[in-house]
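The next block holds one structure in the form of structure tokens; read it before the comments.
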Amino acid sequence: MIDRLSSLFVRTLREDPADAEVASHRLLVRAGYIRRQAPGIFAWLPLGLRVKNKVETIIREEMARAGAQEMSFPGLLPAETYEATGRLNDFGDSMFRLEDRKGAPMVLAPTHEEAFTVVVKDLYSSYKDLPLTIYQIQDKFRDEARPRAGLLRGRQFTMKDAYSFDVDDEGLAESYQRQRDAYERIFQRLGLEYVIVDAQAGAMGGSKSEEFLHATEVGEDTFVQSPGGYAANVEAYVSTQAPARDFSADAAIETFRTPGSTTIATLVDAANREVPRERPWAAVDTLKHVVLAVVDHEGNREVIVVGVEGDRDADLGRIEAAFTPREVEMATEEDLKAYPQLVPGYIGPWLDGRQVLGKDQEWGIPYYLDARIGEGSTWISGANAADTHLHSLVIGRDVVPDARIEAADVRDGDPAPDGSGPVTTKRGTEIGHVFQLGRKYAEALDLRVLDKNGKLVVVTMGSYGIGVTRDLALVAEQNHDDRGLIWPEAVAPYDVHVIATGKGEVPLQVAEQLAAEAEAAGLEVLLDDRPKESPGVKFGDAELIGVPWILIAGRNAADGTVELWNRRTNERNQVAVTEAVAALLAAREVSLEAAGK
RNA sequence: CGGGAAUUAGCUCAGCUUGGUAGAGCGCUCGCUUUGGGAGCGAGAAGUCGCAGGUUCAAAUCCUGUAUUCCCGACCA
């Protein structure tokens, strides 16, 4: 197959588009792969679509190998699809909603668990039909609050979503493993570096979940890694509680004046001024109390107080994991009005000789401590009165929390829970997610089959997603230089880019001949046959477009010599015209082998 | 949802401080030249200056509002 630049629908841009920040976005637009239609919504030009199709082909091949069957659901669904599972509310504003002409509520599907579950329920009713894994590659719609970074966080994006159905937990574990293995192969073939992290989040537990993350500066997720092999999404990181301390000889609580000290910094200053001690007080000696609201699907709000070490921030994402499926947000002024006892800047668990925070305590406000905080530890804390704090508050002596939860942010140097060393935090982006859903959807939608004994059992499910277009963008992100894209062979829009340049008709004739030979050898060819573009333009476009191999028929073509150019290594070799395609095939073979390992 | 920046030709931007009826580079069209690093000369097409009000003899420029886009944050107790 040969496509010609003289007629291909593409226009490269000399300058970076003003609305693109990250490299993948900039280069995909500049090189003529995609065009923005609206924030987070892109059109695919011929070059882009070729790459996208190659990514999808790799996924299809690996899904087939894993025994998954492809089908396709509509993106437009009746809203009621999501009602039984409560997800119409869960998704909230991030679901695109519309009405048909009769006024029936419709949505653009953000994901398809319900639809897949229902179709299996409609067609299957026996354990003999299971296990089953089905999938689709299809566009999803999510009305993101802030689409970002081009393809990396879009509002319409292509996703491969697979769903497994099993009669028992062992079956689910096997189906899960098959998809997980397939994902490893897919990312290896895409040449995308990845880390598999534990994403099992919070107190709900039970169902296993792992994320495939690609470490990148432009990522929006944070994960931690230890030298000993521990890896977890920051929301799933489990911190280590400080060892218990003997407090039998500790002094009693004492309050002190802290006018205007509503921040940790001013509080530390006030403490060193009012109640100085040998080792100066520091932020780490203070216990800071955050007022939060835990909100359920119906919008019911429960106000809670969470204490974390003063030198750390509360991490709402981590805290939320402990309350899933409810959401956690900062308390609003409305929330605070209901509890006038809570004096902003001076909140604490203790007042006048007794604990006041806690479900069963006087104020009835649930009280949680960060999981790092040990028994017998001693703290400066708010004293629940304006301009007053207290010190020598001892956990386990003066106050007892309702529970300890993962609340504080995670930092470089914090210990991995499995003893494998200090973790470092890194930025990454989720490129795939495998999840043992268990029976949640099957129960909500009543997907049950008869087992061997003729008894109805609820089916157990898994769901497995890969962000096709996001992964494509990350491949671009990981494979470029300041001149343009550098596609890996596996997803490049073409196998070779043949350039005709130079005086006379010979270069073009030679280029045509090389293109025909390459095509005959089974390669996909992009031929730059534009008659009037200067060499600089052609070389520049070739570098921008990023096909991994470039063949130049130029000034030496008349002498029977052309140039083979490796876009990635920038290595250029003069080869005889008669041997050029053979040399290309050989060099490509070496490169493919290196990528395959 | 909060904060910041931007909005002028297809693209990237200048002009606004100090109001006087619109510019550059790239791209595009035509002609000639050029052909190994975004080439040269000449000629040309192309913009209701985001939108709506206001001030003024006169507004891209000053004022008010509004929309859109991009970036940062979604936390500071």
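Protein chains get the first letters and strands the later ones, always in sequence-line order, with residue 1 at the start of each.
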Q) Taking atom CD1 of A:Ile373 and atom CG of A:Leu287, what is their separation to the nearest 0.5 Å? A)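 One finds 5.0 Å between CD1 of A:Ile373 and CG of A:Leu287.
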
Q: Look up atom CZ in A:Arg148 and atom CZ in A:Arg153, then write down how far apart they are to the nearest 0.5 Å.
A: 7.5 Å

Sticking with atom [atom1], work out how far [N] lies from [M], rounded to a whole angstrom.
N     : M     : atom1 : answer
B:U64 : B:A6  : P     : 16 Å
B:U8  : B:A22 : C1'   : 9 Å
B:C51 : B:C30 : C1'   : 38 Å
B:A52 : B:A60 : P     : 13 Å
B:U18 : B:U61 : C1'   : 10 Å
B:G10 : B:G2  : P     : 34 Å
B:A58 : B:C16 : P     : 22 Å
B:A45 : B:U29 : P     : 15 Å

[atom1] of [X] versus [atom2] of [N]: gap in Å, rounded?
X        : N     : atom1 : atom2 : value
A:Lys538 : B:U34 : NZ    : P     : 16 Å
A:Leu292 : B:C75 : CG    : C1'   : 9 Å
A:Leu5   : B:G38 : CG    : P     : 19 Å
A:Phe539 : B:G38 : CZ    : C1'   : 11 Å
A:Lys532 : B:C41 : NZ    : P     : 17 Å
A:Leu316 : B:C1  : CG    : C1'   : 14 Å
A:Asp482 : B:G38 : CG    : C1'   : 15 Å
A:Arg36  : B:C11 : CZ    : P     : 11 Å

Pairs under 3.5 angstrom only: tabulate donor-acceptor contacts from the side chains of residues 493-508 of chain A to other protein residues two or more places apart or in another chain.
from, atom 1, to, atom 2, distance (Å)
A:Tyr494, OH, A:Asp3, OD2, 2.6
A:Asp495, OD1, A:Arg588, NH2, 3.1
A:Asp495, OD2, A:Glu524, N, 2.7

Just wondering, do [Y] and [X] contact through their side chains at under 4.5 Å, heavy atoms?
X        : Y        : value
A:Leu485 : A:Asn479 : no
A:Phe157 : A:Asp139 : no
A:Gln241 : A:Arg404 : yes

Among [options], the nucleotide that comes nearest once only the side chain of [X] is considered:
X        : options             : value
A:Ser534 : B:C72, B:G38, B:G36 : B:G38
A:Ile552 : B:G36, B:U69, B:C76 : B:G36
A:Arg148 : B:G36, B:U69, B:C72 : B:C72
A:Val537 : B:G38, B:G36, B:C72 : B:G38
A:Arg30  : B:U35, B:G38, B:C76 : B:G38
A:Ala18  : B:C70, B:C13, B:G38 : B:C13
A:Glu21  : B:U35, B:C71, B:G36 : B:C71

Tell me what [X] touches on the nucleic acid: a base, only sugar-phosphate, or nothing, going by heavy atoms under 4.0 Å.
X        : result
A:Lys503 : sugar-phosphate
A:Pro507 : nothing
A:Asp19  : sugar-phosphate
A:Leu13  : nothing
A:Asp541 : base
A:Arg530 : nothing
A:Arg483 : base
A:Ala149 : sugar-phosphate
A:Val290 : base

Q: Quick one, give me the B/S/- string for nucleotides 24-29 of chain B, reading 5' to 3', where B means a protein heavy atom under 4.0 Å from the base and S means that only happens at the primed atoms, P, OP1 or OP2.
A: -BSS--

Q) RNA chain B: A:Trp565 or A:Val22, which has the more 5' nearest nucleotide? A)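 Counting from the 5' end, the first nearest nucleotide belongs to A:Trp565.
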
Q) If each of A:Gly40 and A:Ala553 is mapped to the nucleotide of RNA chain B with the nearest heavy atom, which maps nearer the 5' terminus, i.e. the 5' end? A) A:Ala553

(Q) Would you say the rings of A:His25 and A:Phe42 are close, in the sense that their centroids are separated by under 6.0 Å? (A) yes

Q: Check whether more than 12 heavy atoms from other residues, nucleotides or ligands sit under 6.0 Å from atom CZ of A:Arg11, and answer yes or no.
A: no

Q) Could a donor-acceptor pair under 3.5 angstrom be found where the side chain of A:Asn556 meets the base of B:G36? A)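 No such pair is found, so the answer is no.
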
Q) Would you say B:C75 has OP1 or OP2 under 4.0 Å from some side-chain N or O of A:Arg312? A) no

Q. Which nucleotide, in any strand shown, forms a Watson-Crick or G-U wobble pair with B:C30, with both distances under 3.5 Å?
A.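 B:C30 is paired, partner B:G42.
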
Q) Hey, what's the ring geometry for A:Phe96 with A:Phe141, parallel, tilted or perpendicular (30° and 60° as the breaks)? A) perpendicular

Q. Under the side-chain hydrogen bond (donor to acceptor under 3.5 Å, both in side chains) test, which residues partner A:Asp285, sequence neighbours left out?
A.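 Checked A:Asp285 against side-chain hydrogen bond (donor to acceptor under 3.5 Å, both in side chains); matches are A:Arg277.
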
